[in-house]
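Everything on this sheet refers to the single structure shown next.
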Amino acid sequence: MSDPKKLFIKTYGCQMNVYDSERMAEAMAPEGYVTTEVAEEADLVLLNTCHIREKAGEKLYSDLGRLRPLKLARPEVKIGVTGCIAQAEGAEIMQRMPLVDLVVGPQAYHRLPALARAGGRPVDTDFPAEAKFDLLPERSGRRGPTAFLTVQEGCDKFCAFCVVPYTRGAEASRPVDRVLAEARGLVERGVREITLLGQNVNAYHGQRNGADVGLGHLIEALAEIEGLDRIRYTTSHPNDMADDLIAAHRDQPKLMPYLHLPVQSGSDRSLKAMNRKHRAEDYLRLIDRIRAARPDILLTSDFIVGFPGETDADFEATLDLIRKVGYGAAFSFKYSPRPGTPAAEKPELPAEVTDARLYALQALILDQQHAALGAMVGRETSVLYEKPGRLPGQMVGKSEHLMAVHVADESGKVGDLVRVRITAASSNSLAAAPVL
Ligand code: SAH
Ligand code: SF4
Ligand code: F3S
């Protein structure tokens, strides 16, 4: 038998890309590829890219520059660009970067093996009619106790700043049966926690027993799988928080008390300009309903600062909303104009205004994050061990609220789900001891 060929994948961007990278590695396994962490020893290098902000694109071109010596030393090495930049700029990448051998958009990953075999610098950025996931091989990689599972792809929302509807196409959901089958397969491979993924995961809808069901019902169906102990989902749009999903937070103990619900801004003017299709007040009422269903739920969000036209008053309204909600954490980004989006036509704010706003918002969020971590001290929670800690006798995992926890547990093993009491909080993690 010949030596296996080596595949190196670098993943940029969101969890959906992490999931896609796993599936691409699994799709290349029957072709004789094993994955490597070392780009220099690879026979095939895939850069699975993100187009969400300008910086993401700059990273791709600097990483391609870094691969030049490898390609010069071993011209037979193939270099592929996949993901959202591949979708958005496929032909341009080929023109600008002669070292790139193939470009494969997110809807064409099932054709990756054939494209990697083919010569002639193929670019495949079609949005095919066939169901990509059904044509990819079944899950096969070695697994830890947690896994991602994409159930929904694409976006029809067209927020004025965002490229995702263009790079991932229209909203589409995978059938319930397929999701359940994949989840069962993951659990058989040792997975105890599954995070359901979608660019708009709570827009999920599928058929079950002849009826159209939403994400809440899908979660209830998944919860029946024995050995699956924890379910999470991300990312959600406020307008798609349906009643069945809120009810699942109340009724389903396997659904973790954590929700990432991006709001982007607390100003009605900005929300309108962003085409988010709800007001700040709608979001706050929604949070009230979610908290009524699951009082200990931890909320996180994404924010964009410096969106075109954002005034001091708009920004104050965002800080005000953050104070009202009280988040466990949040991602915040400086607005980045993206080619082809409506907001990119509008004049940008001065950089120093955006910088100052980002700084103020992050300070407020950090205060809230510290408060949320501090409030856990003395409380009981469960932790799913993901890896040994740096100290001897220590295990590291996530709490129900997705907080990182270091547990002093001599006999702990990866994959154990353990009741612990939180003993201390630091600025971004917790310490705990098992409850005896
Ligand atoms: N589907 C999700 C997240 C999509 S992208 C949602 O609707 O919220 C993740 C985050 O990137 C977004 O929530 C937004 O905060 C940020 N983002 C998207 N486009 C951006 C842009 N042009 N500039 C800065 N941040 C952006
Ligand atoms: Fe982008 Fe808006 Fe769709 Fe989220 S909902 S992916 S921010 S267009
Ligand atoms: Fe980036 Fe595409 Fe995800 S643009 S955030 S990799 S959907």
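Read the numbers this way: they start at 1 and go in the same order the structure lists the ligands and their atoms.
Between E400 and R379, no side-chain nitrogen of the basic residue sits less than 4.0 Å from a carboxylate oxygen of the acidic one, so the salt-bridge criterion is not met. Using a cutoff of 4.0 Å between basic side-chain nitrogens and carboxylate oxygens, K132 and D134 are not scored as salt-bridged.
Scanning the protein for heavy atoms near atom 20 (C) of ligand 1, the closest one is F161 CD1, 3.7 Å. The nearest heavy-atom contact from the protein to atom 9 (C) of ligand 1 is D302 OD2, 3.7 Å. Among all protein heavy atoms, the one lying closest to atom 5 (S) of ligand 1 is I52 CD1, 3.5 Å. Nearest to atom 2 (C) of ligand 1 among the protein's heavy atoms is T235 CG2, 3.5 Å. Shortest contact from atom 15 (O) of ligand 1 to any protein heavy atom: Q264 OE1, 2.6 Å.
Under a 3.5 Å cut-off, the side chain of E54 and the backbone N or O of S336 do not form any donor-acceptor pair.
Counting heavy atoms closer than 4.0 Å to ligand 1, residue S336 contributes atoms from both its backbone and its side chain. Residue R276 touches ligand 1 through its side chain alone, judged by heavy-atom distances below 4.0 Å. With a 4.0 Å heavy-atom cut-off, ligand 1 is reached by the side chain of R338 but not by its N, CA, C or O. Residue-level proximity to ligand 1 for K334 is carried by the backbone, the only part with a heavy atom below 4.0 angstrom.
Looking at heavy atoms from C-beta onward, F8 lies out of side-chain contact with L70 at the 4.5 angstrom threshold. Using a 4.5 Å heavy-atom threshold, the side chains of L358 and F333 count as separate.
Using a 4.0 Å cut-off to heavy atoms of Q199, the atoms of ligand 1 that qualify are 1 (N), 2 (C). The ligand atoms of ligand 1 that sit less than 4.0 angstrom from a heavy atom of P262 are 8 (O). Interface of R53 with ligand 1, defined as ligand atoms under 4.0 Å from a residue heavy atom, comprises 11 (O), 16 (C), 17 (N), 23 (N), 24 (C), 25 (N), 26 (C).
Taking the six-membered ring for Trp, F303 and Y327 have ring centres closer than 6.0 Å.
Only one option out of Q152, H205, K157 pairs with E171 in a side chain to side chain donor-acceptor pair (under 3.5 Å); it is K157.
Within 4.0 Å of ligand 2, counting heavy atoms only, the contacting residues are C155, K157, F158, C159, F161, C162, V164, P165, N200, H237, R276.
Protein N/O/S atoms found under 2.8 Å from atom 2 (Fe) of ligand 3: C84 SG.
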